[in-house]
There are 2 protein chains.
Amino acid sequence: MLSKKTKYGLKALAFLASQKGKGPVQIAEIAKHETISQKFLESILLSLRKTGFLGSKKGKGGGYYLIKEPKEVLMTDIMRVLEGPIAMVPCVSLNFYEKCDDCPSEDDCSVHMLMLKVRDSALEVYRNNTLADLVT
Amino acid sequence: MLSKKTKYGLKALAFLASQKGKGPVQIAEIAKHETISQKFLESILLSLRKTGFLGSKKGKGGGYYLIKEPKEVLMTDIMRVLEGPIAMVPCVSLNFYEKCDDCPSEDDCSVHMLMLKVRDSALEVYRNNTLADLVT
DNA sequence: GATTATCCTATTAAGTCTATAGGGTAATAG
DNA sequence: CTATTACCCTATAGACTTAATAGGATAATC
């Protein structure tokens with residue numbers, strides 16, 4: 001299940017991409033347009049700023065804006081920041097690898113190979129889509 | 001994230017597939033071999049029996065056994081029973097469709113199309129893998 | 001009829017997710 | 001310089017889900 005945080009984050013990013021070139025957009029405007037709790041959205045945008053996707057400007061006329069061109073922003077990078085690992089088990093995660101605590105051996109795990117295939121198929125989608133693809 | 005229920009269920013099914021032809025296998029034996037809490041596994045096996053994947057025999061010499069040939073059991077069917085929807089949002093789910101409560105319109109949702117692609121890619125993997133593929 | 005092993009319900013402990021509260025800080029306009 | 005605007009940051013609470021446990025009921029076998 002996709003978390004609300006990720007879903008709202010994606011919607012906000014897509015909205016900002018569609019407003020590209022019009023200067024900073026206020027949280028309140030994004031929240032209203034996408035029907036998202038403003039306070040919750042605030043924390044999501046903050047994390048997107050800290051991870052380098054968004055810039056912000058304070059005070060009157062301030063708001064959030066995209067730093068890169070939508071076409072340059074891969075879905076893999078967005079998803080990892082918002083949702084975390086793309087893999088469904090830590091033992092097949094590229095960026096968040098961990099040994100599964102309930103598995104004595106990865107080679108003997110009947111689930112390992114299947115989840116590897118699922119991860120690869122998801123990765124292919126995310127690698128072939130950018131923020132620009134969310135807008136059109 | 002894959003739930004423990006699903007992971008344990010898959011491991012149990014794979015073990016039963018590897019023991020195919022040796023008669024019923026006791027819960028205790030499966031739990032020990034896969035290092036799973038026996039009581040928790042009990043409830044998982046029960047749900048797999050109620051959904052037609054496993055048969056069971058009570059009393060001495062009893063246990064669980066596969067009903068179909070491992071090659072005949074598609075991963076799509078197993079995953080839907082154990083994990084639930086394959087889609088990451090209800091609005092792109094084939095078997096568990098629901099309108100997203102936070103979306104006024106699916107056509108205007110920037111996330112919808114992407115999640116459709118992710119679902120399709122996962123489906124392709126699950127449709128091309130059977131229980132037999134977990135064993136080898 | 002004693003033993004074995006599945007069947008079934010209820011409950012709890014832990015963790016995560018979503019959202020809210022309440023104020024602090026910086027920039028801008030006049 | 002001061003009032004206003006809008007982002008910044010931490011803490012916390014409520015709801016929900018998951019993982020696991022407890023305790024016994026039921027059915028089959030020897």
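When reading the values below, keep in mind they use all heavy atoms of this one structure, side chains included, and skip hydrogens, waters and symmetry mates. Convention: sequence-line order gives letters A, B, ...; per-chain numbering from 1.
- No side-chain donor from either of B:Ser121 and A:Glu124 sits under 3.5 Å from a side-chain acceptor of the other.
- Note: NZ (B:Lys57) to P (C:dC7) measures 13 Å, nearest angstrom.
- If you measure from atom CD of A:Glu83 to atom P of C:dT16, you get 14 Å, rounded to the nearest angstrom.
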Polar atom pairs (N or O), protein with nucleotides 25-27 of chain D, under 3.5 Å:
from	atom 1	to	atom 2	distance (Å)
D:dA27	O4'	B:Lys58	NZ	3.1

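- Contact annotation: B:Ser56 side-chain N/O to C:dC7 OP1/OP2 distance is under 4.0 Å.
- The distance from atom OH of A:Tyr65 to atom C1' of D:dC7 is 12 Å, rounded to the nearest whole Å.
- Other residues, nucleotides and ligands place more than 12 heavy atoms under 6.0 Å from the NZ atom of A:Lys20.
- Residue B:Lys60 is the one, among B:Ser43 and B:Lys60, whose nearest nucleotide of DNA chain C lies closer to the 5' end (criterion: closest heavy atom).
- Here the P atom of nucleotide D:dA19 and the NZ atom of B:Lys7 are 11 Å apart, to the nearest Å.
- Looking at A:Ser93 and A:Glu98, their side chains never bring a donor and an acceptor atom within 3.5 Å of each other.
- Looking at B:Leu54, B:Leu13, B:Val25 one by one, the single match for side-chain contact (heavy atoms from CB on, under 4.5 Å) with B:Leu45 turns out to be B:Leu54.
- The ring pair (Phe, Tyr, Trp, His ring centres under 6.0 Å) check on A:Tyr64 picks up nothing, with sequence neighbours excluded.
- We find that CD1 of A:Ile27 is positioned 12 Å from P of D:dC9, with the value rounded to whole Å.
- Salt-bridge formation is detected for the pair A:Lys4/B:Asp101: a Lys NZ or Arg NE/NH1/NH2 atom is positioned less than 4.0 Å from an Asp or Glu carboxylate oxygen.
- Between the P atom of C:dT16 and the CG atom of A:Leu2 lies a distance of 18 Å, rounded to the nearest Å.
- Taking only side-chain nitrogens and oxygens, B:Arg49 never comes nearer than 4.0 Å to OP1 or OP2 of C:dA5.
- Side chain of B:Glu42, nearest nucleotide from D:dA19, C:dC7, C:dT28: C:dC7.
- Straight-line distance from the CG atom of A:Leu46 to the P atom of D:dT10: 9 Å, rounded to whole Å.
- Nearest nucleotide to the A:Gln26 side chain, out of C:dT6, D:dC7, D:dC9: D:dC7.
- Phosphate proximity of D:dT21 to B:Ser37: present, with a side-chain N or O under 4.0 Å from OP1 or OP2.
- Of all non-hydrogen atoms in B:Leu2 and A:Val111, the two that sit nearest each other are CD2-CG1, 4.0 Å.
- Scanning atom types as modelled, one donor and one acceptor separated by under 3.5 angstrom connect the side chain of A:Lys39 and the base of C:dG22.
- In this structure, A:Tyr8 reaches the C:dA19 phosphate: one of its side-chain N or O atoms is under 4.0 Å from OP1 or OP2.
- One interatomic measurement links the two molecules: CE of B:Met1 to P of C:dA14, which rounds to 20 Å at whole-angstrom precision.
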